[in-house]
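Written out below as structure tokens is the structure these notes cover.
Chain A is the first sequence line, chain B the second, and so forth, proteins listed ahead of strands; every chain is numbered from 1.
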There are 2 protein chains.
Amino acid sequence: MKKINDKMQCVLDFVEDYLNDNGFPPSVREICSAIGIKSTASCQYYLKKLEQRGDIKRGPENKKRSISLTDNKKTEKFLSVPLIGTVTAGVPIFAYENLEGYYPLPTEFGNSDDDLFMLKVKGESMIDAGIYNDDKIIIQKTDYAENGDIVVAFFDDGATVKRFFRKNDKIILHPENSSMSDIILDDVKILGKVKGLVRKF
Amino acid sequence: MKKINDKMQCVLDFVEDYLNDNGFPPSVREICSAIGIKSTASCQYYLKKLEQRGDIKRGPENKKRSISLTDNKKTEKFLSVPLIGTVTAGVPIFAYENLEGYYPLPTEFGNSDDDLFMLKVKGESMIDAGIYNDDKIIIQKTDYAENGDIVVAFFDDGATVKRFFRKNDKIILHPENSSMSDIILDDVKILGKVKGLVRKF
DNA sequence: GCAAAAATCAAACGTTTGTTTGCAATTTTG
DNA sequence: CAAAATTGCAAACAAACGTTTGATTTTTGC
């Protein structure tokens, strides 16, 4: 009884697809007509087996459309991190206008998506640290940085990615690019630390 | 009519939670008792408003439990790509033992997860191309490559990442690292092309 | 080839559930 | 304050749906 056969797979596939397409589960009769069986009893028959195998779960008796996928079928946990478009002076970073969408990330980057965001890198100022133009960097919100951290800081009316140092009461924003020079400031607004990046070739 | 008020928010929250907990949507009456209203008509009233605002979607008339969240609420679509641990000679790459888990990726890397996999990079042979040790690279399965592609090839009993060239009937696997030299072969088994990477600092 | 098991069906039944209607209470607005 | 809009209720209807039963067909194992 542990084996899965064609029809069972059909039912399972259909339920998955239907859920993906509609956001709610199919009814028994919808499954019937989808996989080409004429009796709802046959469908029940398969559903019972799929439940026994642990592929699906069914709600309490008589609840309409109460089929759900079990965890081993459900997509694994992941983070959904806001991808910020442009950073402009004045407008708060996380204003809706700046939001380009949400980006899925594995949980290894954090436990909650609350303190993470992403930013598209413009420029070559960090190429020696392996951060290239158009990379999407993953940033953990914080206003504090330690020496050597790669940070996103507010500078010159926009966000900039640099390596951070504090020396003799001055802040040094160091570009990892031998053709560029350090930015030295009295104070700086730090948006977060760079925790990772995603690149598309 | 564009504003959301407490009760509407309650309904919306409940629907979201219910969907998360059960995998299928609540019925109108369940919403009623959850948020403490006694008439199903009142619930319809809120559901209609939420639908007008675009927060939820409702299925065709009379379909039971056909509430779904709209895309701005739904977790966006994403890919679930297998992350391969070690590549060993003999064992098929996609053997279960080699599978370290699944990794979420945005859909910009492909439409289906079928032809993608990921690999953890070991070594420094591609640092000049911005691929570092311990990076996770995203690979599209293919056995054909064009000049200049960064490929994953089977070489020396394992997978190696190199830039690919074909010249005078020879295959050149070129490491992007000035301290390493080209590998020249008569033939090579290509596993795929590198499409992107994910790095964790 | 035959008996047992598995798969499928049609039909009917009772529940759950979406929908509607009409009216009352409350809040907002001019 | 009166009119209008909003919010709420109870009740009843009809549609969609899950479930069950018992029979029929198909497959399987010997």
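For the pair B/Ile37 CD1 and D/dC9 C1', the computed distance is 10 Å after rounding to whole Å. Rounded to whole angstrom, the span from the CD atom of B/Glu61 across to the P atom of D/dC13 amounts to 19 Å. One interatomic measurement links the two molecules: NZ of B/Lys48 to P of C/dT19, which rounds to 11 Å at whole-angstrom precision. Put simply, NZ on A/Lys57 is 17 Å from P on D/dG18, counting in whole angstrom units. Across the protein-nucleic acid pair, A/Lys63 atom NZ and D/dC17 atom C1' stand 14 Å apart, rounded to whole Å. Rounded to an integer number of Å, the gap from A/Glu30 CD to D/dA15 P is 17 Å. Between the CZ atom of B/Phe24 and the P atom of C/dT17 there is a distance of 9 Å, rounded to whole Å. Rounded to whole angstrom, the span from the CD atom of A/Gln44 across to the P atom of C/dC13 amounts to 18 Å.
Scored by the salt bridge (Lys or Arg N to Asp or Glu O under 4.0 Å) test, B/Lys38 finds no partners at all (sequence neighbours excluded). Partners of A/Arg58 by side chain to side chain contact (heavy atoms under 4.5 Å, CB included), not counting sequence neighbours, listed by chain and number: A/Val28, A/Gln44, A/Leu47, A/Glu51, A/Ile56, A/Ile67. Among residues two or more places apart in sequence or in another chain, the salt bridge (Lys or Arg N to Asp or Glu O under 4.0 Å) test is passed with A/Lys57 by none. By the side chain to side chain contact (heavy atoms under 4.5 Å, CB included) test, A/Gln140 pairs with A/Asp115, A/Leu116, A/Lys195, sequence neighbours left out. For the salt bridge (Lys or Arg N to Asp or Glu O under 4.0 Å) test, residues two or more places apart in sequence or in another chain that qualify with A/Glu176 are A/Arg163.
Residue B/Lys49 places at least one side-chain N or O under 4.0 Å from the OP1 or OP2 atom of D/dT7. Phosphate contact (OP1/OP2 of D/dA16, side-chain N/O of A/Arg65, threshold under 4.0 Å): absent.
Remark: the B/Lys64 side chain and the D/dA15 base include a donor-acceptor N/O pair separated by less than 3.5 Å.
Residue pairs meeting the salt bridge (charged side-chain N to carboxylate O under 4.0 Å, His left out) criterion with at least one member in residues 119-130 of chain B, sequence neighbours excluded: B/Glu100-B/Lys120, B/Lys122-B/Asp134.
From A/Ile131, atom CD1 reaches atom CD1 of A/Ile150 across 4.5 Å, with rounding to the nearest 0.5 Å. Here B/Glu30 contributes atom CD and B/Cys43 contributes atom SG; the two are 10.5 Å apart, rounded to the nearest 0.5 Å.
Heavy atoms of A/Ser42 sit under 4.0 angstrom from at least one base atom.
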Give every pair of a protein N or O atom and an N or O atom of nucleotides 10-12 of chain D that lie under 3.5 Å apart, one pair per line with the distance.
{"from": "D/dA10", "atom 1": "N7", "to": "B/Ser39", "atom 2": "OG", "distance (Å)": "3.3"}

Task: Contact state string [nucleotides 23-29 of chain C, B base, S sugar-phosphate only, - no protein heavy atom under 4.0 Å] - done: -------
Compile the donor-acceptor pairs under 3.5 Å between side chains in residues 186-193 of chain B and protein atoms, sequence neighbours left out, one pair per line.
{"from": "B/Asp186", "atom 1": "OD1", "to": "B/Lys170", "atom 2": "NZ", "distance (Å)": "2.4"}
{"from": "B/Lys193", "atom 1": "NZ", "to": "B/Asp149", "atom 2": "OD2", "distance (Å)": "3.1"}

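If you check C/dT15, D/dT7, D/dC17 against the side chain of A/Asn62, the one that comes closest is C/dT15.
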